[in-house]
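To start, the structure under review is shown below, and the notes come after it.
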Amino acid sequence: MLFDLEPDRSLTGGTWYQDQDFEASKKKVYMLFDLEPDRSLTGGTWYQDQDFEVEFVDVLNQQCYRFLQLKREKTANNTNGPLVAQRLACATPKEVRKFITDLGISKVELSEEDIRTILETLLFDGKIEQINNIDGTDMYRAVSPYFAVTGLSTSPCGVCPVIKNCSFRTAVNPNKCEYLTEWLKQNCDSGF
């Protein structure tokens with residue numbers, strides 16, 4: 001049970017502690033020590049001190065995808081047919097959670113729902129697909145991209161916020177662009 005207390009009330013004896021409400025960070029919330037705060041107060045697994053943990057989510061994304069890729073690679077030479085290989089390459093969120101837990105990369109206990117959230121981001125990125133099992137459970141497997149990413153589509157020009165102002169006749173131009181120059185150095189064999 002949560003209580004919003006007046007600022008001048010004294011809290012003694014170590015029974016209460018002060019917490020910040022995630023949705024209203026200016027509001028003080030007091031709660032008992034032995035209670036676990038609701039996700040609406042803390043922001044959930046993906047937040048630490050009201051800050052989104054980008055690196056943590058990225059690592060989880062990479063490792064979940066790696067697990068599904070490894071399962072797919074193991075079934076590449078399956079001689080029992082493509083449908084059997086497809087099913088063997090699939091994993092449930094419970095299996096992915098066990099893999100992540102065994103790696104020991106998370107300081108917090110991840111639920112199957114947390115793993116499902118990560119898997120959904122991979123699904124939206126087109127890296128995996130979701131397959132509904134006969135018993136109604138969701139399974140996921142890594143997929144090959146529909147088309148390979150070409151070199152030019154990875155250039156910084158594709159995400160440049162001032163691309164509409166870019167011209168050889170203006171101050172913003174390809175000859176002076178440090179991002180394009182760096183990209184060309186990394187991606188071209190022309191001895192830049």
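Note that the numbering runs from 1 along the sequence shown for the chain.
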Please examine the side chains of [Y] and [X], heavy atoms only from C-beta on, and report whether any two atoms are closer than 4.5 Å.
X     : Y      : result
Val84 : Leu88  : yes
Gln63 : Leu103 : yes
Leu60 : Ile105 : yes

How would you list, by chain and number, every residue that makes a side-chain hydrogen bond (donor to acceptor under 3.5 Å, both in side chains) with Asp102, sequence neighbours excluded?
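With neighbours one apart ignored, the set is Lys98.
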Asn61: side-chain hydrogen bond (donor to acceptor under 3.5 Å, both in side chains) partners, not counting sequence neighbours
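Asn61 satisfies side-chain hydrogen bond (donor to acceptor under 3.5 Å, both in side chains) with Thr121 only.
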Please check if atom CG in Asn175 has more than 12 non-hydrogen atoms from other residues, nucleotides or ligands closer than 6.0 Å.
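More than 12 within 6.0 Å, yes.
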In Å and rounded to the nearest 0.5 Å, what is the [atom1] to [atom2] distance from [X] to [Y]?
X      : Y      : atom1 : atom2 : value
Ser144 : Lys127 : OG    : NZ    : 13.5 Å
Leu122 : Tyr65  : CG    : OH    : 8.5 Å
Ser106 : Ile100 : OG    : CD1   : 8.5 Å

Please give me the minimum heavy-atom distance between Lys176 and Ala171, naming the atom from each residue.
CD-O, 4.2 Å
Counterpart residues, side-chain contact (heavy atoms from CB on, under 4.5 Å), relative to Leu70 (two or more places apart)
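Leu70: side-chain contact (heavy atoms from CB on, under 4.5 Å) contacts with Arg66, Glu73.
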For Arg97, is there an ion pair with Asp114 - N to carboxylate O distance below 4.0 angstrom?
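No, Asp114 and Arg97 are not salt-bridged.
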